[in-house]
Visitor: 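The structure under discussion is supplied below as structure tokens; questions concerning it will follow.
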There are 2 protein chains.
Amino acid sequence: MLAAERKIKIVEYVRQHQAASVSALAQEFGVHEATIRRDLAEVEQEGLLKRTHGGVIVEGLTNREPSFNERSTVQLEQKIRIGRMAASLVEDGDHIIIDSGTTTLHIARHLTHKMNLTVVTNDMNVAAELRDAPGVRVTVTGGELYPSSYMLNGMFTDHVLKSVHVSKAFLGTPAIHPKHGLMHPEAQLVVAKQGMIRAAQEVIVVADETKIGKLSLHKVAPNSAIHTLITGVEVPAYDVQQFRDAGVNVLTV
Amino acid sequence: MLAAERKIKIVEYVRQHQAASVSALAQEFGVHEATIRRDLAEVEQEGLLKRTHGGVIVEGLTNREPSFNERSTVQLEQKIRIGRMAASLVEDGDHIIIDSGTTTLHIARHLTHKMNLTVVTNDMNVAAELRDAPGVRVTVTGGELYPSSYMLNGMFTDHVLKSVHVSKAFLGTPAIHPKHGLMHPEAQLVVAKQGMIRAAQEVIVVADETKIGKLSLHKVAPNSAIHTLITGVEVPAYDVQQFRDAGVNVLTV
DNA sequence: TTATCTTTCTTTCGGCAGCTAGCAATTGTG
DNA sequence: CACAATTGCTAGCTGCCGAAAGAAAGATAA
């Protein structure tokens, strides 16, 4: 195999697997590890992949760093289900807000084939995910990049959220309680979430089972402000009923 | 077999196999390797295939995202040099704007070790690059995600640029001319560039040699608005002098 | 946390395959 | 036949690969 050909195949391989170790690549292509390292150095120079100690990962916004990645794999299968269900509520021609988060990211992934859709988001990952969707216009709220995530927050975010109106807002949350409603541990992020709720005709909260019934420091909004809650079938019927009693339309998937 | 006929068949063969070695082609067509090399030299000249050490590959195989990746590999080494030089002008404690672009992205890559730096950018790639830099705060201008790039533009971008003031703005450009100054082919992007110039005390333009002396449709700013131009040493001394005569401080690297 | 160990990375070297360039032989053409 | 184009060949140069040593980055244990 040609050196240049191998380099291309390395990029393909890593893109397919999201990541790869130097030794695995050396074995896959039957060359010395030093050769793989040289290839990786060049490929990285070209900005196609990003090297790490021991291997290589895909470069760019669609990639997630470890701490984020870990969060992503927790309840992954459930989040995908929830994301697909949430996406099914979106109609062609809609204007929607997608909040930052791992579950909401899965919504975005199911929206790529929609037509004439406008998405406002404060998450660069969500934006990147929808970037190449031909029927989707993406508006990113400005703001400060939140440490070790791809979320934007602050004055400029709030300004954008005050300037828009959408039919549906999809919010993620670390805690939602049948009595106290939507809650969040970080005060800084509460304003943005409230801005999204105000900007939307219909508020849809997505939350996997680990978030249900949880309390947190700050109240974001009462359950009366939430129209629909989408969660996993794993949530006990009793908890689901409590939210329904509070006037929330609960969908389990 | 005629020489011209063989050349066509070589292209067909390589397209089918994605890549081929010189020896394999020599065997396939029953001619000497030197003959194949001569054919390949011509075929490459015509831009049909790309030669590599040991053989030939299909051009553009690496370009998953043609528009962006293509741009970023062109003049890569020069852009890295320019990026490093530009980054050296940034001091700890600065507030700066970094424009969207492939050259400006290389500036960001050299800023990760700065302390107490605030970066405002309209490029999600630039933001992502500086995301994990402990001493760098990143503010992203909001706006609409520009097709097949990671650039943000529009009303919200302009709003943010009107709301900030920075010591230095680093702008990329597809065309800069000693008489007509900074130019751009797309009207939509002119406003954002002008906003960056207005928001900055000092305007620094980065441009590799291929941009120097070029004309384009819209005037963005006269040379008098530009304080410093950073470009490659490849640029002829005559061109450099023309910009210096126009009052621009030119740095070549 | 600090110290130690292990793995991985960088750098350097030499061997080898492939490349360039020039020349000679062959083939094709008027 | 003369002339040009094409092909084969070779000498010297260049770039690629594997190996090994020292450096750096993680991992482990105290």
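The chains referred to below are lettered A, B, ... by the order of the sequence lines, with proteins before strands, and numbering in each begins at 1.
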Visitor: Quick one: does B:Ile96's side chain get under 4.5 Å of B:Thr118's, heavy atoms only?
Guide: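 B:Ile96 vs B:Thr118: side chains apart.
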
Visitor: How close or far is atom C1' of C:dG18 from atom CD of A:Glu5, stated in whole angstroms?
Guide: 16 Å

Visitor: Whole-Å distance between D:dG8 P and B:Phe29 CZ?
Guide: 13 Å

Visitor: With nearest nucleotide decided by heavy atoms, which residue, A:Glu33 or B:Ser23, maps closer to the 5′ end of DNA chain C?
Guide: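 Its nearest nucleotide being more 5', the pick is A:Glu33.
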
Visitor: Hey, does the side chain of B:Arg6 come within less than 4.0 Å of D:dT6's phosphate (OP1/OP2), counting only N and O?
Guide: no

Visitor: Starting at atom CG of B:Leu40, determine the distance to atom C1' of D:dT7, rounded to an integer number of angstrom.
Guide: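 Rounded to the whole Å, the gap is 15 Å.
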
Visitor: Would you say A:Lys214's side chain and A:Thr210's backbone share a donor-acceptor pair under 3.5 angstrom?
Guide: yes

Visitor: Mapping A:His53 and A:Ala34 onto DNA chain D by nearest heavy atom, which one lands closer to the 5' end?
Guide: A:Ala34

Visitor: Find the distance B:Glu44:CD to C:dT20:P and express it as a whole number of Å.
Guide: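 B:Glu44 atom CD is separated from C:dT20 atom P by 9 Å.
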
Visitor: Establish, with yes or no, whether the OP1 or OP2 oxygen of D:dC9 is under 4.0 angstrom from a side-chain nitrogen or oxygen of B:Arg37.
Guide: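 It does not, given that no N or O in the side chain of B:Arg37 lies less than 4.0 Å from OP1 or OP2 of D:dC9.
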
Visitor: Which nucleotide in the list D:dG8, D:dC17, C:dC9 gets nearest to the side chain of A:Arg51?
Guide: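 Closest of the options to the side chain of A:Arg51: C:dC9.
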
Visitor: Need one value for A:Ala3: base, sugar-phosphate or nothing, where a base atom within 4.0 Å counts as base even if backbone is also close, heavy atoms only.
Guide: sugar-phosphate

Visitor: Out of A:Leu111, A:Leu171, A:Leu105, A:Val206, which one pairs with A:Ile98 under the side-chain contact (heavy atoms from CB on, under 4.5 Å) rule?
Guide: A:Leu111

Visitor: Any salt bridge linking B:Glu234 with B:Arg81? Criterion: basic side-chain nitrogen under 4.0 Å from a carboxylate oxygen.
Guide: yes

Visitor: Answer yes when B:Arg38 and B:Glu42 have at least one side-chain N-carboxylate O distance shorter than 4.0 Å, and no when they do not.
Guide: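 B:Glu42 and B:Arg38: not salt-bridged.
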
Visitor: Counting side-chain heavy atoms from CB outward, which of C:dT12, C:dC9, C:dC19 is closest to A:Arg38?
Guide: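 Nearest to the side chain of A:Arg38 among the choices is C:dT12.
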
Visitor: Once you apply a heavy-atom cut-off of 4.0 Å, does B:Thr52 come out as touching a base, just sugar-phosphate, or nothing?
Guide: sugar-phosphate

Visitor: Specify the separation, in whole Å, of atom CD1 of B:Ile36 and atom C1' of D:dT7.
Guide: 11 Å

Visitor: Among D:dA19, D:dG8, C:dT8, find the nucleotide with the atom closest to the side chain of B:His32.
Guide: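 Output: D:dG8.
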
